[in-house]
Amino acid sequence: MAERGALWLLSLLCLTFLHTQSSAAKHGDKGSSAQPFSPFWFTVEPQDTLAIRGNAALLNCSAHSDAATPARIEWKKDGTFMSLVSDERRRILPDGSLFFTHVVHSKHNKPDEGTYQCVATIDNLGSISSHTARLSVAGMPRFTSQPAPTSVHLGDSQVMACEINSDLVPFTRWEKDRQPLELSTRLVQLPSGALVISNASEADAGLYRCLVENVGSSKSSDEGQLQILPETGEERKLEFLVQPGPVTKVVGTSVLLPCVVTGYPAPHVRWMFGDKLLEESEGRVEILGGGSLQIFNLTEEDAGTYTCVADNSNATIETQTQLTVQVPPRFVKRPENIYAHESMDIVFECEVSGSPAPTVKWVKNGDAVIPSDYFKIIKEHNLQVLGLVKSDEGFYQCLAENDAGNIQSSAQLIILDHDVALPSSPPPSLTPNTTDHVTPGFGGVASPAGPTPSAPRDVVASLVSTRFIKLTWRQPAEPHGDELTYSVFYSQEGTSRERVVNTSRPGEMQVTIQNLMPDSKYRFRVVAHNSNGQGESSAALKVATQAEVQVPGPAPNLQAVPNTPTSVFLSWDKPVTGNGEILTYKLYYTDKSVGNEQDVDTDSLSYTLTGLKKNTEYSFRVVANNKHGPGVSTDDIVVRTLSDVPSGPPQNLTLEVQNSKSILLRWQPPPLNSQNGEITGYKIRYRKGSRRSEAAETTGGTQLNKLIDGLERGTEYSFRVSAMTVNGTGPATEWITAETFESDLDESRVPDQPSSLHVRPLVNSIVVSWTPPENQDIVVRGYTIGYGLGSPHAQTIKVDYKQRYYTIENLDHSSHYVITLKAFNNVGEGIPVYESAITRPQSVPDPSPMMPPVGVQASVLSHDTIKVTWADNSLPKNQKITDNRYYTVRWKTNIPANTKVKMANTTSLSHMVIGLKPNTLYEFSVMVTKGRRTSTWSMTAQGTTFETIPSSAPKDVTVVSKENKPRTIIVNWQPPSEANGKITGYIIYYSTDVNAEVHDWVIEPVVGNRLTHQIQELTLDTTYYFKIQARNSKGMGPMSEAVHFRTPKTSNVPPKPGPSGNLHPQDSGTSVGKSGVGSNSENHILVIVIIISVGAFTIIVVVVGAFLCTRRTTSHQKKKRAASKSSNGSHKYKGNSKDLKPPDLWIHHERLELKPMDKSPDPNPVMTETPIPRTSQDITPADSGLESNPHLQQRRNSYRGHESEDNMSTLAGRRGMRPKMMMPFDAQPPQPVISAHPIHSLDNHHHHYHMGSLASPTRSYLYHQGSGHLRPHACATPISHLDRVDSTESVRNTPNSDPLPPATASSQASCPSEIMADLESSYHGSTTTEEEPSYSSNLPPHRSAHPHTHAHPLKSFAVPAIPPSSHPTYESPALPSTPLLAQTGPPTHPHVVKTASIGTLGRTRTPMAVTVPNAP
């Protein structure tokens, strides 16, 4: 029992072992066996065939294969498969050839002519295509020229014409007297079909005709009679009967180059290949028919230029032709069969040669391969397939084609299963990159003895870019081995192709995948390999690459064509990937000779670039720009501008008299930048003496000398040389003269010794002079001077034969030099003559320097001239200069940026320095020079040139609309670059008509150095033009260029109503209606009656109250006012207006002048009306005699020049005298609160206004009875404009030209002395910015007045009342008041220093100092 059990166990073990062995053997077989490649190729391929209409034709094709089933042959015509199932005329023979039973061909129906290709297919393996073949059908014979009756001299040559369709020439033959003509080396048929008869004999006479046979129908030409003439011995001119034309042939064929010459004496014909004589060789090169050249078995080396040269004893003639030899394509490297696994990358290599260079295309299984992301053409002709899939298996063919032919070669791709090993030595066509994919473990099969790794863990994309992704992972949980390698498989979403990248070394757990597409999604999975094979795959990881900025791609088809010597026309196409609208193209161009790149912008697809250098290479590239920025640049293209005639003459023209009859000219080419092309030659013009008639000679382009001979003895000739290009002749050099020798001198020996040599030593130089050799019969070409310390051979100098002296420079002082002089000619140098000299010692400088000039004064004469004077203590007392001394004046400005010093010399004690800059401080100093002695610089004197009017206009004028105020604009500018003095103001001109006269423009004066200004109440949707003029103390500068601005079309800003009680009647009605108070007419009437009643009652109470208050003014107060006026120049009031005459207002503007003035302004300035915000309350005058007047609400600001007061006595009169230009202006400023306190003057020159913090404005107005109307005069101290950014009001002021008589207490109301009244010169109204307070001294403050929005801006004029003294403070808007541009005039007021505080609605402002200089 035990034995039986042991046997069972032994049997089981044996069976298990056998099973394991067989299993391993099976796996081993599977792993090592790869499907073999299938031999498959064409044994015969179709050839180009000429068929005859109506006859049969055959295109051969057959393929070889080892497959069990033979290859199936199909045919393509012109790239499309032919359907021959029901075709009776055409069929495929059993061997695969295509047979035509009869060829059909007519003028309009050519079904058989075309390009044919056969395709062989083996099912389940693939297809291959043959090369292409052309089937042509011979046309009907047509003679374009036929034999004509002609004659030929004995021994001469003649041509019988017979030209026919080129494809039928092989089918032509000749007959003489209706008998076939046998051709020979003497009787030759040309490629055109013509017959050449050379070395004619009597036997050649007869009737000749040519025939076309074997092309379906025969045709013969006309017959031509040839007569043989006896040779008379008379000379006949050489001429070509037939000349060779350019010809193209294929390697291995033969060519006949015709060349037939006639003439007497009989010519000898020879051929040149390039510049070498062509020798005849047996069976290769032959000269037939007296001169035609036949070359057999052509090679590439035979291509080139051939020249047929015919000559006899009287003449030589020649003609040239070009032979081009084409080479059909041939394979240098054929594609090879490849084994691969799926996901691998492979490359089929294909290298071809040929002339012209062949084009290569790839075919897979008979279908053209279209390049894509996975099929790429690399290294010119190689095919790369990325991420192989099973369907990529098959036959790949490389087809190469040029004008001489086409060829094909095929290779098979087999994709093996992953468990089948690739062959141990991969095919050579696999690239190193591909062989990397053959990773350890790929080849073998997993042995059951060892497990494979589990899936790698935690696969993540650690770095994601636009075109690459870096993956990292962790080792599998079950590696089953130490040194693991990894493969990363990846594919783009939407494609089935998976590609693979392997880690570069065992254990590495990261890889970077390159060449991905931007903004695309990819799937990644990682597989580990151990010694047992490939393990499990990780789960797929999906990652998207980043999007690239969508800039345009390169512009295709960039072309550059030079159209003139200085311009190039460039064109290109729109980028294929524009990524949105192309905004502009930037064209970059580089001068290749310099290398600096420049660019221009254009928005079109072409551009003509001008201003280039002539005959210069430039490179060009184009970059498209879209909203994201510049795109990808095109490749550079290089083009050379066209050549032109030289723009400069040749250089360094020298003449060398050779003898009594010849002169040698030498020169150098023109400078490179003026050659403008390749120099093809030089033209030499020469003339005798001063004659006008010229002779000319030319030379080759590289020849830089010319011997002109045949000249007359002892005669002067003038020469000039000009350079030539293919475009013409450039400018010539200046005329240079030389005189031929009287007699021919001897140049068979060297010259004699110079007859004398003299030296004159100086400190650092020696002057050498000499006389020529006594024997004048020997040619002297020049002299050689040698010199050195103790030896004459250290340095040598050669000089012209005409020269008789020379200065040797840069020598050491107090040194002994030896000098030698030799005459030379073309034979050599003659006997030297020696001399020595010792240079002088260096002179010791004079120990006593000159005394500098003293008393230097700078007297300013004008804006650009200063006279500098001085005294010289080293002169006698009468300051008379008797020696050769001179003075050097130097000057410079004190501007740090300009430290340049200028100097001038003079021999007098004064110097007028002109051309200086206006209003600039200069420093002057003087020094004296006498011989070698100089003084130091004197003490400096300073002088500031006078101002002059600005010589340039304000710069950078811009106009912008104010936010939320469409009818208000802000004008900004920069000061003029040449102010020529301190800018005291600007004038803004504006108009709706840019061509209007200057006096018709509205003006806006701006005081001080402000660089911004607001203009309000412009008309909507209107174009305005603005100019600005700067002003200094000398007057107005030039106007700026007009700047235009169009106001917006609509005003979206709602009108701002004033404070309560200020609504205009029209506005009131609207407001009430809108709020819905009463919908019937009775309610309206009742409300209006109540409002009018209350208003009337209020007015009466206010008038009575004001009247009583003014009556209470005591004599004490009047005295106080008088004292105040006398001490501070403040206002003085009379008791009753009846005592007052209505004066016009005149303001002394000199207190606003920023610089002293030398002349008064324009006597008749153009004025502008400027309305001012007004109050809606009735005004009660402070003086007892002043009455309220309702007409004040209708008053307008008006400039009237010198009109009389009578003309303006009524409002109607005022309107009638309205000036030409008026500017509406009714925007309201914020309400600043201002106070002023008088302080006695501390400064004799300026008023200082210090901003404080009090909040009590003061303002005084005078009312004068005149023609029944009250008249307001703002009695305010003029102040400088406080420069503020938030200015909202316009400054509109105009100077008055008339000086005023002094005011008298009896005849005029007294304002402060700054404001005078003159009946003839009235000045009305001024506006100011919100920050500009007005001041009065020692006066009671006003009561409050409120702004009011008026219906008509031109009628807006606010007149606050003078309040009683019982009201110390109040709140009021600052009524605008800004003086005009400064006026000149004597100051009539003491200097007052005032402090003011300004605030707007309770906001505290930082104090600002305002300095207003006084007039001189």
Side-chain angles (χ1 to χ4, degrees), residues 359 361 368-378 380 384 386 464-469 492-495 514-522 543-614 616-642 958 960 1043-1046:
T359 58
K361 66 177 182 179
V369 172
I370 299 166
S372 66
D373 289 344
Y374 297 100
F375 288 85
K376 297 184 178 183
I377 304 298
I378 61 170
E380 286 192 71
Q384 183 182 40
L386 304 176
V464 178
S465 181
T466 53
R467 294 184 180 272
F468 70 86
I469 289 177
Q492 193 172 349
E493 194 172 74
T495 65
Q514 307 271 8
N515 302 321
L516 303 179
M517 298 297 292
D519 197 21
S520 302
K521 290 180 181 174
Y522 287 87
V543 185
T545 51
Q546 293 179 357
E548 268 184 336
V549 176
Q550 298 296 299
V551 294
N557 198 25
L558 173 61
Q559 294 181 330
V561 180
N563 44 12
T564 73
T566 58
S567 67
V568 171
F569 175 75
L570 295 111
S571 62
W572 56 89
D573 295 338
K574 197 172 177 182
V576 180
T577 53
N579 293 321
E581 183 189 358
I582 303 294
L583 302 179
T584 60
Y585 295 92
K586 194 176 281 288
L587 169 61
Y588 294 89
Y589 61 100
T590 305
D591 176 353
K592 301 281 277 185
S593 63
V594 180
N596 57 328
E597 188 171 63
Q598 296 169 276
D599 59 79
V600 292
D601 287 322
T602 179
D603 51 9
S604 65
L605 293 173
S606 63
Y607 190 82
T608 300
L609 197 61
T610 57
L612 304 177
K613 294 182 189 173
K614 298 174 181 178
T616 303
E617 269 198 349
Y618 284 86
S619 68
F620 300 93
R621 63 188 183 91
V622 172
V623 174
N625 293 269
N626 65 9
K627 63 183 180 180
H628 300 294
V632 181
S633 171
T634 61
D635 291 333
D636 284 18
I637 61 168
V638 177
V639 72
R640 182 179 285 275
T641 49
L642 299 178
T958 57
V960 294
V1043 172
H1044 64 89
F1045 180 81
R1046 190 168 188 89

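The first residue of the sequence shown is numbered 1, and numbering continues consecutively from there.
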The reported gap from CG in Asp603 to CG in Leu583 (rounded to nearest 0.5 angstrom) is 10.0 Å

Restricting to non-hydrogen atoms, name the atom on Phe569 and the atom on Asn563 that form the minimum distance, rounded to 0.1 Å. CB-ND2, 3.6 Å

Quick check on His1044: does its NE2 atom have over 12 non-hydrogen neighbours (other residues, nucleotides or ligands) under 6.0 Å away? no

Indicate yes or no: at least one non-hydrogen side-chain atom of Pro562 is less than 4.5 angstrom from one of Arg640. no

Quick check for you: to the nearest 0.5 Å, what is the distance between Leu587 atom CG and Leu558 atom CG? 8.0 Å

Could you grab the distance from atom CD of Glu617 to atom OG of Ser593, nearest 0.5 Å is fine? 9.5 Å

Indicate yes or no for a side-chain donor-acceptor contact from Thr545 to the backbone of Asp519 under 3.5 Å, with no hydrogens or angles considered. yes

Locate the shortest heavy-atom distance separating Pro630 from Pro552; write the atom from each residue and the value. C-CD, 4.5 Å

Trp572 and Asn557: side chain to side chain contact (heavy atoms under 4.5 Å, CB included), yes or no, with the steps? CA-CA 5 Å; Trp572 56 89; Asn557 198 25; 5.9 Å; no

Counting only heavy atoms not in Lys361, do more than 12 sit closer than 6.0 Å to its NZ atom? no

Does Glu380 have more than 12 heavy atoms from other residues, nucleotides or ligands lying within 6.0 Å of its CD? no

So Thr566 and Lys614, side chain to side chain contact (heavy atoms under 4.5 Å, CB included) or not? Walk me through it. CA-CA 5 Å; Thr566 58; Lys614 298 174 181 178; 3.8 Å; yes

Interatomic distance, CD1@Ile637 vs CZ@Phe620, rounded to 0.5 Å, equals 7.0 Å

Would the distance check show the side chain of Thr590 and the main-chain N or O of Lys592 forming a donor-acceptor pair, the cut-off being under 3.5 Å? no

Grab the two heavy atoms, one from Lys586 and one from Asp601, that are nearest each other, plus how far apart they are. NZ-OD1, 3.1 Å

Looking at side-chain heavy atoms only, is the closest gap between Tyr522 and Val543 below 4.5 Å? no

Roughly how far apart are Asn625 CG and Thr584 OG1, rounded to 0.5 Å? 4.0 Å

Between Pro575 and Tyr585, is there a side-chain heavy-atom distance shorter than 4.5 Å? yes

Heavy-atom nearest pair, Gln384 first then Ile378, reads OE1-CG2, 3.8 Å

Strictly distance-based, threshold 3.5 Å: is any side-chain N or O of Thr564 a donor or acceptor partner for the main-chain N or O of Ser567? yes

Determine yes or no for a side-chain-to-main-chain donor-acceptor pair under 3.5 angstrom, with Thr634 supplying the side chain and Val622 the backbone. yes

Residue pairs involving residues 626-636 (criterion salt bridge (charged side-chain N to carboxylate O under 4.0 Å, His left out); sequence neighbours excluded): none

Pair Tyr589-Leu570, side chain to side chain contact (heavy atoms under 4.5 Å, CB included): steps then yes or no: CA-CA 11 Å; Tyr589 61 100; Leu570 295 111; over 6 Å; no

Main chain of Pro518, side chain of Ser520: is a donor-acceptor contact present, judged purely on distance under 3.5 Å? yes

Measuring from atom CE of Met517 to atom OG1 of Thr466, what distance do you get when rounded to the nearest 0.5 angstrom? 10.5 Å

For Thr616, is there any backbone N or O sitting under 3.5 Å from a side-chain donor or acceptor partner on Thr641? yes

Does Lys613 offer a backbone N or O that forms a donor-acceptor pair with the side chain of Tyr618 under 3.5 Å? yes

